[in-house]
Amino acid sequence: METPASKTKVSPPPQQEPDLKKPKMSTTTSDDEDAATMTPGGDTTTKKQRYKRRKIAIFFAYCGVGYQGMQKNPGAKTIEGDLEEALFHAGAVPEQDRGIPKRYDWARSARTDKGVSAVGQVVSGRFYIDPPGLVERLHSNLSPQFRIFGYKRVTGSFNAKKFCDRRRYVYLIPVFALDPCSHRDRESVLASLRSGSELIKCLECSERGRKVAGAVGKRSFELADNSSNDKDASVKSEIKEEVGVLLDNGLEDIRNSETVNETKIFQNDGSGSKSVMPESVISSNSEDANVNPESKDEIIVSVENGDDEKTKSKEEMVKGSSFCYGEKEKERFNRILGYYVGSHNFHNFTTRTKAEDPSARRYIVSFEAKTTVNVEGIEFVKCEVVGQSFMLHQIRKMIGVAVAIMRNCAPESLIQTALQKDVNINVPTAPEVGLYLDECFFTSYNQKWKDSHEEISMKDYEEEAEDFKMKHIYSHIATTEHKEGSVALWLHSLNHRNYPDLRVSNTVDNNNSEDNNNGKESTGFENTAPCTSL
């Protein structure tokens with residue numbers, strides 16, 4: 001029997017330290033640490049520093065001249081196309097994701113049309129924001145038309161398009177565009193000949209939208225006042241030639257010019273009911289059509305008499321000193337813009353969208369024009385519109401109709417008619433140069449994540465944004481108007497020949513109710529008489 005002492009003690013084998021588990025390298029890179037490795041020779045090498053992608057919102061501005069809009073379009077120069085390339089060259093997007101924005105959750109808060117600028121545009125995505133200096137690297141790869149204000153970290157589910165509650169756009173319209181007597185259409189000038197209040201032919205713009213040689217940016221009377229006798233003679237001969245062309249080549253247009261007779265036809269059908277139908281009657285201006293050579297000379301003489309009081313008064317009015325955006329004009333213009341506020345069907349204010357399409361219904365929060373700004377000698381009215389979202393050309397068409405009403409080319413009831421689902425009309429589109437995206441709002445997101453994330457707004461970049469707006473966007477709008485006269489040329493097209501639907505009045509039912517209440521006949525048309533004096 002073995003005793004305990006006779007037992008041999010067996011010692012356990014020595015324990016070895018377990019190897020450290022190597023961390024897994026994610027496809028989006030690990031934390032910002034240097035990884036050291038050993039080479040066969042025993043030397044230590046340092047791998048390239050790797051970073052994580054971060055979900056961020058980028059705030060930036062741009063001047064839209066020369067670009068075919070915001071959205072990327074193959075074969076076209078777009079804002080998104082240039083910005084995506086700048087992000088790649090700045091190291092924010094890897095090589096394998098270049099040109100494939102879905103891979104880094106790209107989203108934009110608003111789309112701008114061709115030539116439209118922006119001050120408060122926002123895009124979101126997953127980008128490499130390290131090492132520091134992303135904004136500077138982006139600027140080095142973008143043209144001076146861009147200005148990157150900065151970026152802010154957002155939640156992983158943030159989407160600049162879906163999380164944007166409202167968008168605010170601003171349209172700068174020159175004050176002279178609201179003057180019914182400024183840049184009249186060709187038919188109005190021809191129809192005013194030999195009348196008590198003749199309209200002066202606009203030498204700044206041609207009759208068909210082309211510039212007049214030798215008179216670009218200058219008015220005939222201003223040239224006559226500031227020139228010598230020789231120059232006076234040349235100006236008079238130019239005016240004489242213009243009047244001759246108006247009288248010789250425009251007589252047929254005068255005969256065929258359309259004048260809306262505000263009439264209403266009542267027919268008794270035996271049951272006592274009335275059927276109402278507005279009728280547009282084409283009448284010829286026989287008095288103006290039968291202009292003879294003697295009357296032509298009389299008109300030329302009246303222009304040549306520079307000392308004539310009538311000519312002087314015309315000169316003063318042509319210079320635009322009689323019209324200003326006063327309280328009366330402001331009240332009327334804001335009343336017109338107020339018709340757009342609310343939820344309406346805007347199928348007549350866009351293209352390729354039918355009335356039955358649910359996307360045609362949009363909600364306008366506010367539309368105001370209460371302030372003016374003076375840029376390079378031109379006074380502009382600042383029209384601010386806030387809405388949930390907008391369709392293609394919607395704001396420009398809304399401005400176009402409002403300007404046509406201010407110039408007495410259409411009744412105010414036209415807006416209410418155009419917003420009806422069962423009405424299809426063609427409305428004018430204002431030039432794109434005066435429109436820009438002012439700011440995008442993320443109210444719901446900011447309220448939900450206010451305790452853990454930064455506020456998504458332009459508050460931190462207000463001064464820089466204002467500086468860019470004045471130096472690049474406002475100056476571009478004023479310079480374009482000085483050189484090309486885009487708004488002035490567009491005003492000449494606001495007539496019933498180009499837009500016959502401007503005559504459309506409100507519904508017949510409203511007219512019938514007014515007839516029953518007032519006991520008077522209604523024409524179905526509001527006062528659209530043209531300006532009768534300069």
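This chain uses plain numbering: 1 for the first residue, then up along the sequence.
- Looking only at side-chain heavy atoms (C-beta outward), W449 and V154 stay at 4.5 Å or farther from each other.
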Please report the C-alpha distance between F349 and Y340 in whole Å, then the side-chain angles of each, then the deciding distance to 0.1 Å, and finally whether the ring pair (Phe, Tyr, Trp, His ring centres under 6.0 Å) criterion is met.
-> CA-CA 11 Å; F349 294 86; Y340 295 116; 5.7 Å; yes

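- With rounding to the nearest 0.5 angstrom, the CD1 atom of I378 is 13.5 Å from the OG1 atom of T372.
- Applying the salt bridge (charged side-chain N to carboxylate O under 4.0 Å, His left out) rule to R103 yields the partners D97; only residues at least two apart in sequence or on another chain are considered.
- Q121 places no side-chain N or O within donor-acceptor distance of the main-chain N or O of L437, the cut-off being under 3.5 Å.
- Here the rule is side-chain hydrogen bond (donor to acceptor under 3.5 Å, both in side chains) with T429, and of R396, K397, H393 only K397 fits it.
- A 4.5 Å side-chain heavy-atom check between Y339 and Q416 finds at least one atom pair inside the cut-off.
- Sequence neighbours left out, not one pair with a member in residues 61-71 passes salt bridge (charged side-chain N to carboxylate O under 4.0 Å, His left out).
- A distance of 10.0 Å separates OG1 of T479 from CD of E484, quoted to the nearest 0.5 Å.
- Residues Y104 and Y128 are not in side-chain contact: their nearest non-hydrogen atoms beyond the backbone lie 4.5 Å or more apart.
- Across all their heavy atoms, C383 and F333 have their closest contact at SG-CE2, 3.7 Å.
- A heavy-atom distance below 4.5 Å is not found between the side chains of L337 and V385.
- R54 and I129 get closest at one heavy-atom pair: CG-CD1, 3.6 Å.
- Aromatic ring centroids of Y474 and F380 lie 6.0 Å or more apart.
- Distance alone, capped at 3.5 Å, is enough to place a donor-acceptor pair between the D165 side chain and the S444 backbone.
- The salt bridge (charged side-chain N to carboxylate O under 4.0 Å, His left out) pairs that include a residue from residues 333-351 are E331-R335, R335-E412, where partners are two or more places apart or lie in different chains.
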For residues 450-464, please give each side-chain donor-acceptor pair under 3.5 Å, one per line with the distance, not counting sequence neighbours.
from, atom 1, to, atom 2, distance (Å)
D460, OD2, K152, NZ, 2.9

Step-by-step side chain to side chain contact (heavy atoms under 4.5 Å, CB included) determination, N424 to H347 = CA-CA 8 Å; N424 293 314; H347 70 282; 3.3 Å; yes

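- Side chain of N348 to main chain of V423: a donor-acceptor pair is present (N/O by atom type, distance under 3.5 Å, no hydrogens or angles).
- Ion pair E329/R332 not flagged as a salt bridge, since none of the NZ, NE, NH1 or NH2 atoms sits closer than 4.0 Å to an Asp/Glu carboxylate oxygen.
- Side chain of N159 to main chain of A107: no donor-acceptor pair is present (N/O by atom type, distance under 3.5 Å, no hydrogens or angles).
- Under the rule for a salt bridge (charged side-chain N to carboxylate O under 4.0 Å, His left out), K448 has no partner lying at least two apart in sequence or in another chain.
- Heavy atoms only, all atoms of each residue included: F468 and C63 are closest at CZ-N, 4.0 Å.
- By the neighbour-count criterion of 12 heavy atoms within 6.0 Å, atom NZ of K330 is densely surrounded, having more than that number from other residues, nucleotides or ligands.
- Scanning all heavy atoms of the two residues, the minimum distance from K421 to E356 falls at CE-CA, 4.1 Å.
- Using a 4.5 Å heavy-atom cutoff, the side chains of V93 and W106 are not in contact.
- At least one donor-acceptor pair under 3.5 Å links the side chain of R407 to the backbone N or O of A177.
- For the atom pair D501 CG and H496 NE2, the distance stands at 10.0 Å (nearest 0.5 Å).
- For the residue pair F176 and S182, the shortest heavy atom distance occurs at O-CB, 3.3 Å.
- Side-chain contact between I336 and F367 is absent, with no heavy atoms from C-beta onward closer than 4.5 Å.
- Residues forming a side chain to side chain donor-acceptor pair (under 3.5 Å) with D105 (at least two apart in sequence, or on another chain): R126.
- Listed by first and then second residue, the side chain to side chain donor-acceptor pair (under 3.5 Å) pairs involving residues 132-143 amount to none (not counting sequence neighbours).
- Aromatic ring centres of F60 and Y62 lie closer together than 6.0 Å.
- Without hydrogens or angle criteria, R167 side chain to S109 main chain gives a donor-acceptor distance under 3.5 Å.
- Here F346 contributes atom CZ and L419 contributes atom CG; the two are 5.5 Å apart, rounded to the nearest 0.5 Å.
- In this structure, N345 contributes its side chain and Q420 its backbone to no donor-acceptor pair below 3.5 Å.
- Contact detail for V122 and A57: the closest heavy-atom pair is CG1-CB, 4.1 Å.
- Annotation: the span from I405 atom CD1 to L502 atom CG amounts to 9.0 Å, rounded to 0.5 Å.
- Looking only at atom types and distance, the side chain of Y67 has a donor-acceptor partner in the side chain of D82 under 3.5 Å away.
- By the ring-ring contact (aromatic ring centres under 6.0 Å, His included) test, F158 pairs with F163, F442, Y445, sequence neighbours left out.
- Using a 4.5 Å cut-off on side-chain heavy atoms (C-beta onward), N73 and E80 make no contact.
- Residues satisfying the salt bridge (charged side-chain N to carboxylate O under 4.0 Å, His left out) test with K72, not counting sequence neighbours, are E84.
- Taking CE of M398 as the start and CD1 of I415 as the end, the distance is 8.5 Å to the nearest 0.5 Å.
- Salt bridge R166/E439: absent, no basic N to carboxylate O contact under 4.0 Å.
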So V433 and H476, side chain to side chain contact (heavy atoms under 4.5 Å, CB included) or not? Walk me through it.
-> CA-CA 8 Å; V433 65; H476 166 67; 3.7 Å; yes

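- Checking side-chain atoms of T350 against main-chain N and O of L392 turns up a donor-acceptor pair under 3.5 Å.
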In sequence, state the C-alpha distance, the side-chain angles, and the governing distance for R168 and V365, and then conclude on side chain to side chain contact (heavy atoms under 4.5 Å, CB included).
-> CA-CA 10 Å; R168 180 173 64 208; V365 179; over 6 Å; no

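- The backbone N or O of A160 lies less than 3.5 Å from a partner atom in the side chain of S124, making a donor-acceptor pair.
- Contact annotation: the side chain of I58 approaches that of L87 to within less than 4.5 Å [non-hydrogen atoms, C-beta and beyond].
- Evaluation of the salt bridge (charged side-chain N to carboxylate O under 4.0 Å, His left out) rule for R111 yields no partner, not counting sequence neighbours.
- With sequence neighbours left out, the ring-ring contact (aromatic ring centres under 6.0 Å, His included) criterion links Y325 to no other residue.
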Starting from the C-alpha separation in whole Å, work towards a yes-or-no answer on side chain to side chain contact (heavy atoms under 4.5 Å, CB included) for L491 and V403.
-> CA-CA 9 Å; L491 293 176; V403 171; 4.1 Å; yes

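- Pairs of residues two or more places apart, or lying in two chains, that qualify as salt bridge (charged side-chain N to carboxylate O under 4.0 Å, His left out) and include a residue from residues 357-382 are E368-K370, K382-E384.
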